[in-house]
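Working notes for the structure below.
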Amino acid sequence: YNLLEIDAIKENINVKYMNKLNEKLAKDIEKWQKQRNKQYYEIQQQLNKDKGLDNDRMQIDTRSPNSIFEDLQTIGDVFDANKHPGDWRALRANVSSALAAAFAATAFVAAVATPLAAPAIRVVLERDAFGADATALVATAFATYVLGGFFFVARELITRVFYVLGDANAPFRIAAASVFVNAALDVAFFKLGAFGIALATTGTAVVAAAALHRKLARKIGGGGDVADARFAAHAAKSALAALAAFCATEGARAATAGFARAGLWEAGAALAAAAASGAAAFAGAALALRMENPLSRAFLSPESTIES
């Protein structure tokens, strides 16, 4: 062998060695992650036992929507732990649980914020040229955005799942198509003014979230399984709790309408009392309906922790 041939052989050996080393490291890391998740699951199950909770049931969701939003911000780690094809069954369940939690939180916000939009805007903005007509217009647009809040959150959640899976093309294509959908809806709702803009933006979020969900279902499977049934049941309970919160908030708003038109402090106290009434009604309905915390199932999904 000449020197060039010897160098080529050395380089080939080094490449093969590095490839094998990388494969071994990847397998070791994946094995460590599964072991860590399994230990975490077992610890949480034991804690639930100590609290007198049945392992096959989730905890009743009595936490505030803010806590749910905080969990939604960190759930990307759970998605990442189940990004491999062998764990996609757990990933589907985790995505469904995250969407169910997002629906509960946004339904609560919509139920409380919608009836309080007009009085809150009146207190903060209504003065000088900003009259009653402007208050009504802004309140209507605000309520439109709030009612579509779930679709905005769902769009971002599912986009994050695609990024975890290493697929940035699907969200990009849907985002690009959403530009044209938004433009078309803007033209369609042009005569509605500012309300039409809010309606077009919310409609675009609905279309984008639906398209992303359909694309993800095709990629990792899903549709008609247990996770979808749980989501439907939780969404129905969340809607009923939100209805109770809306009625309580609207009743309290009507009862304190006189204070809302008084001074700043009186109006603020009236709005706070109405919001507290809605929150209490939502919590009471959640307990009565035995609403479960879907994020506990997402974080403690046994499919993603037990090695095959």
Side-chain angles (χ1 to χ4, degrees), residues 60-73 98-126 132 134-157 194-195 198-199 201-202 205-206 209 231 234-295:
I60 300 298
D61 188 5
T62 58
R63 303 181 308 158
S64 68
N66 287 336
S67 299
I68 296 177
F69 279 127
E70 289 175 0
D71 283 346
L72 288 174
Q73 292 174 357
L99 291 175
F103 186 86
T106 53
F108 166 77
V109 172
V112 174
T114 301
L116 298 182
I121 292 170
R122 184 182 303 114
V123 170
V124 176
L125 299 176
E126 189 173 307
T135 296
L137 179 61
V138 174
T140 303
F142 174 78
T144 303
Y145 284 122
V146 170
L147 290 172
F150 168 71
F151 299 100
F152 290 103
V153 176
R155 182 182 63 187
E156 299 305 317
L157 266 174
F195 171 62
L199 199 60
T201 304
T202 303
V206 173
F231 172 81
H234 192 273
K237 292 181 179 180
S238 299
L240 291 175
L243 179 61
F246 175 84
C247 293
T249 304
E250 177 62 21
R253 183 204 63 79
T256 59
F259 294 99
R261 293 185 176 277
L264 179 62
W265 292 106
E266 293 85 349
L271 291 173
S277 299
F282 188 92
L287 288 172
L289 295 170
R290 301 191 63 78
M291 281 178 60
E292 298 170 330
N293 175 19
L295 289 180

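Position 1 is the first residue of the sequence; numbering continues from there. What's counted below: heavy atoms across the whole structure, side chains too, no hydrogens, waters or symmetry copies. All values derive from a computational prediction rather than experimental measurement.
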Do Thr202 and Phe152 come close enough that some side-chain heavy atom pair is under 4.5 Å?
-> yes
Where Ala110 and Pro115 come nearest, the two heavy atoms and their spacing | O-CD, 4.2 Å
Can you check whether Thr114 reaches Leu147 side chain to side chain, under 4.5 Å on heavy atoms?
-> yes
What distance separates Thr201 OG1 from Phe151 CZ, expressed to the nearest 0.5 Å?
-> 14.5 Å
If you look at every heavy atom in Ala102 and Val153, which pair is closest and at what distance?
-> CB-CG1, 3.7 Å
CG of Leu199 to OG1 of Thr140: how many Å apart, nearest 0.5 Å?
-> 11.0 Å
Measuring from Leu240:CG to Phe282:CZ, what's the distance to the nearest 0.5 Å?
-> 10.5 Å
Would a 4.5 Å heavy-atom cut-off, applied to side chains only, mark Arg122 and Pro119 as touching?
-> yes
With sequence neighbours left out, the residues meeting ring pair (Phe, Tyr, Trp, His ring centres under 6.0 Å) with Phe142 are none
Please report the closest heavy-atom contact between Leu99 and Phe150, naming both atoms and the distance.
-> O-CE1, 3.4 Å
Considering all heavy atoms of both residues, which atom of Ala252 and which atom of Ser277 are nearest to each other, and what is their separation?
-> CB-OG, 3.7 Å
Examine distances only and state if a side-chain atom of Lys237 and a backbone atom of Leu289 form a donor-acceptor pair shorter than 3.5 Å.
-> yes
Just jot down the side-chain hydrogen bond (donor to acceptor under 3.5 Å, both in side chains) partners of Ser238, sequence neighbours excluded, or say none.
-> His234
